[in-house]
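First up is the structure itself, then whatever we jot down about it.
Both backbone and side-chain heavy atoms feed into the values below; hydrogens, waters and symmetry mates do not. Just so you know, ligand 1 is whichever comes first in the structure, and atom 1 is the first atom listed for that ligand. Positions are given from 1 along the sequence.
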Amino acid sequence: MPAPLTSGSEALFARARAVTPGGVNSPVRAFNAVGGTPRFIREATGPWLTDVDGNTYVDLICSWGPMLLGHAHPAVVEAVQTAAARGSSYGTPTEGEVALVEAIVARTPVERLRLVSSGTEATMSAIRLARGFTGRDVVVKFAGCYHGHVDSLLAAAGSGLTTFSLPGTPGVPASSTELTLVLPYNDRAAVTAAFAEHGDRIACLITEAAPGNMGVVPPAPGFNQFLAETCRAHGALFVSDEVMTGFRVSKAGQWGTDGAVEGWAPDLMTFGKVMGGGFPAAAFGGRADVMSHLAPEGPVYQAGTLSGNPVATAAGLATLTAADDAVYDRIGVVADALRAGIAETFTAAGLPHVIQSTGSMFSVFLTDAPVTSYDEAQRTDVAAYGALFHAMLDQGVHLPPSAYEAWFVSSSHDDRAVQQVLDALPAAATAAAAAQGGTR
Ligand SMILES: *Cc1c(COP(=O)(O)O)cnc(C)c1O
């Protein structure tokens, strides 16, 4: 397999690095974790990406989640064109915002919802609201859960179970994270101990409804319900971050697979990605009595110039409207076919692997034991993943350029796209097996 020509991407990457840090506008895109030159994409349709050199790839990033229907879905394109032709932002309320919020309220347990422009804004605002509502300051999160780049949530895991944490990046003062408690995921004893010690200071516990940002690490059965009940018992709010899982894991997100079945609901939820249909739209919402503390109804301030943007809300509404049972069925079929192909080819190549899923959302850890926490996620073989990534890329399949990410599929992944991935797997598995334990 001759590697594709990438001179166009290389030239653009050089131009980009001269004017933008690392040449990218979000770090993972730079390929630092796998090496090589990121592909600059010229256009995309359905499951296919075309780069500036004319190479095509089956897309298993799907914009890191939003493209549930695939790229340039006709209904979304039409909605966006119609909206844009009517003017792109007014700074006044519009019917589209009401319709999108109603569509989300209809699918989820939230009673009131506010639109924002990014998942980061959604979690930042939810935490402010939780603190304003409870009059408490401490926030509990789990190691390995990503909630956007909110200062107080960019906290590394402390070594002890109930240590207040240090910032995970320069630029965040210790005072921003000293009220953040970081616990190991899926660890009930750590949660119980933290609430026993600090319960009357805890405003909220925030968790990914099913973590996807350390690779997919599903909650142990009953874990989310346990979190909801623990929060309730201590007067804290349970904030379920469904920015990645929302409208992807099921019509009602991860909650549709646990809370809806077990009969509980989070106090607050955050959404993004799929609900924006590839445009900057996100949201936070939940209990009406909590949401009523938000300005202008209540005292907790929150605002946004482009919140509820008419073009973004049109894209989101068109996406949710098109996302019917057939869409979720197709995504399930695609994920099943890929998981089966990965298991078969990796086993044949002698490449240790664990495929972890929640619904159709899955990721592949190159290690031999199930991963239940961030510490265990670190065991994945990043050198082997780098080899796997590049062998797939050379054969026209674009995996996420990091070993710790979910692989995203869409309802537009047709049999040809699926077959191209399956055909690429054996050689890539062999390359990865040969690279095991190396350095990257
Ligand atoms: C992507 C993501 C975010 C941040 O969303 P942005 O739109 O990138 O700010 C927050 N939480 C989770 C679970 C995510 O996956």
Side-chain angles (χ1 to χ4, degrees), residues 24-30 61-68 104 108 114-130 139-155 168-169 172 180 182 185 204-219 224 227 238-249 253-255 257-258 266 268-286 302 304 306-309 312-313 315-316 319 356 358-363 374 377 400-402 404-408:
V24 292
N25 290 302
S26 198
V28 72
R29 299 178 196 169
I61 302 180
C62 289
S63 186
W64 304 94
M67 309 320 296
L68 186 80
I104 293 172
T108 67
R114 165 110 358 129
L115 297 175
V116 294
S117 298
S118 72
T120 297
E121 249 188 287
T123 59
M124 179 185 78
S125 304
I127 282 179
R128 183 183 308 140
L129 177 59
V139 171
V140 180
K141 79 174 285 283
F142 291 108
C145 280
Y146 177 68
H147 303 290
H149 58 104
V150 180
D151 277 2
S152 65
L153 299 177
L154 284 176
T169 170
V172 174
T180 306
V182 183
Y185 192 64
C204 66
L205 178 150
I206 184 168
T207 184
E208 286 189 61
N213 285 292
M214 52 174 147
V216 175
V217 178
N224 281 335
L227 296 178
F238 178 46
V239 184
S240 182
D241 181 353
E242 293 238 25
V243 170
M244 181 184 288
T245 52
F247 320 108
R248 172 166 283 280
V249 168
Q254 176 67 22
W255 178 83
T257 71
D258 53 28
L268 289 174
M269 300 179 80
T270 54
F271 305 102
K273 298 196 167 104
V274 169
M275 64 152 283
F279 281 75
F284 66 104
Q302 190 279 334
L306 294 179
S307 293
N309 173 269
T313 52
T319 298
Q356 300 204 163
T358 178
S360 64
M361 200 174 100
F362 71 94
S363 74
Y374 189 49
S402 161
Y404 302 99
E405 302 287 353
W407 298 17
F408 292 101

Next on the checklist: Is there a polar contact, in the sense of an N or O pair closer than 3.5 Å, between Glu208 and ligand 1?
Outcome noted: no
Checklist outcome for this item: In this structure, CG of Leu153 is separated from OG1 of Thr123 (nearest 0.5 Å) by 5.5 Å
Checklist entry - Under 3.5 Å, N or O to N or O, is Thr123 touching ligand 1 that way? => result no
Checklist entry - Under 4.0 Å from any heavy atom of Gly119, which atoms of ligand 1 are there? => result 4 (C), 5 (O), 6 (P), 7 (O), 9 (O)
Next on the checklist: Quick check on Glu121 - does any of its heavy atoms sit under 4.0 Å from an atom of ligand 1?
Outcome noted: no
Next on the checklist: Tell me the contacting part of His147 for ligand 1: side chain, backbone, both, or neither, using a 4.0 Å heavy-atom threshold, strictly below.
Outcome noted: backbone
Item to check | Asn213, portion touching ligand 1 at heavy-atom distance under 4.0 Å | outcome: side chain
Checklist entry - Which of the atoms in ligand 1, numbered in the order shown and given with their element, are less than 4.0 Å from a heavy-atom of Lys273? => result 1 (C), 2 (C), 3 (C), 14 (C), 15 (O)
Checklist outcome for this item: Quick look: His149 vs ligand 1, heavy-atom contacts under 4.0 Å, and the answer is neither
Item to check | Numbering as shown, the atoms of ligand 1 that approach Ser118 to under 4.0 Å (heavy-atom distance) | outcome: 7 (O), 9 (O)
Checklist entry - Quick one: do the Arg128 and Gln302 side chains pair a donor with an acceptor below 3.5 Å? => result no
Checklist outcome for this item: The atoms of ligand 1 lying under 4.0 Å from a heavy atom of Asp241, numbered in the order shown, are 10 (C), 11 (N), 12 (C), 13 (C)
Checklist outcome for this item: For Gly148, the atoms of ligand 1 under 4.0 Å from one of its heavy atoms are 3 (C), 4 (C), 10 (C)
Checklist entry - Can you name the nearest heavy-atom pair linking Asp241 to Tyr146, along with the distance? => result OD2-O, 3.8 Å
Checklist entry - Counting only non-hydrogen atoms of the protein, does one fall under 4.0 Å from atom 7 (O) of ligand 1? => result yes
Item to check | Residue pair Pro211 / Pro219: nearest heavy atoms and the distance that separates them | outcome: CD-CD, 4.5 Å
Next on the checklist: Ignoring hydrogens, what is the shortest heavy-atom contact between Ser360 and Arg248? Give both atom names and the distance.
Outcome noted: OG-O, 4.0 Å
Checklist entry - How far apart are the C-alpha atoms of Tyr374 and Val217, what are their side-chain angles, what is the distance that settles it, and do they pass the side chain to side chain contact (heavy atoms under 4.5 Å, CB included) test? => result CA-CA 9 Å; Tyr374 189 49; Val217 178; over 6 Å; no
Checklist outcome for this item: Heavy-atom closest pair (Gln254 atom, Ala210 atom, distance to 0.1 Å) is OE1-CB, 3.5 Å
Checklist entry - Between Met244 and Val216, is a side chain to side chain contact (heavy atoms under 4.5 Å, CB included) present by the stated rule, with each step listed? => result CA-CA 11 Å; Met244 181 184 288; Val216 175; over 6 Å; no
Checklist entry - Any N/O of Val243 closer than 3.5 Å to an N/O of ligand 1? => result no
Next on the checklist: Distance under 4.0 Å to a non-hydrogen atom of Tyr146: what atoms of ligand 1 satisfy this?
Outcome noted: 11 (N), 12 (C), 13 (C)
Checklist entry - Tyr185 vs Phe142 aromatic rings, parallel, tilted or perpendicular, using cut-offs 30° and 60°? => result perpendicular
Checklist outcome for this item: Correct closest heavy-atom pair for Ala143 and Val182 would be N-CG1, 3.5 Å
Item to check | Nearest-contact summary for atom 9 (O) of ligand 1 - protein heavy atom, Å | outcome: Thr120 OG1, 2.6 Å
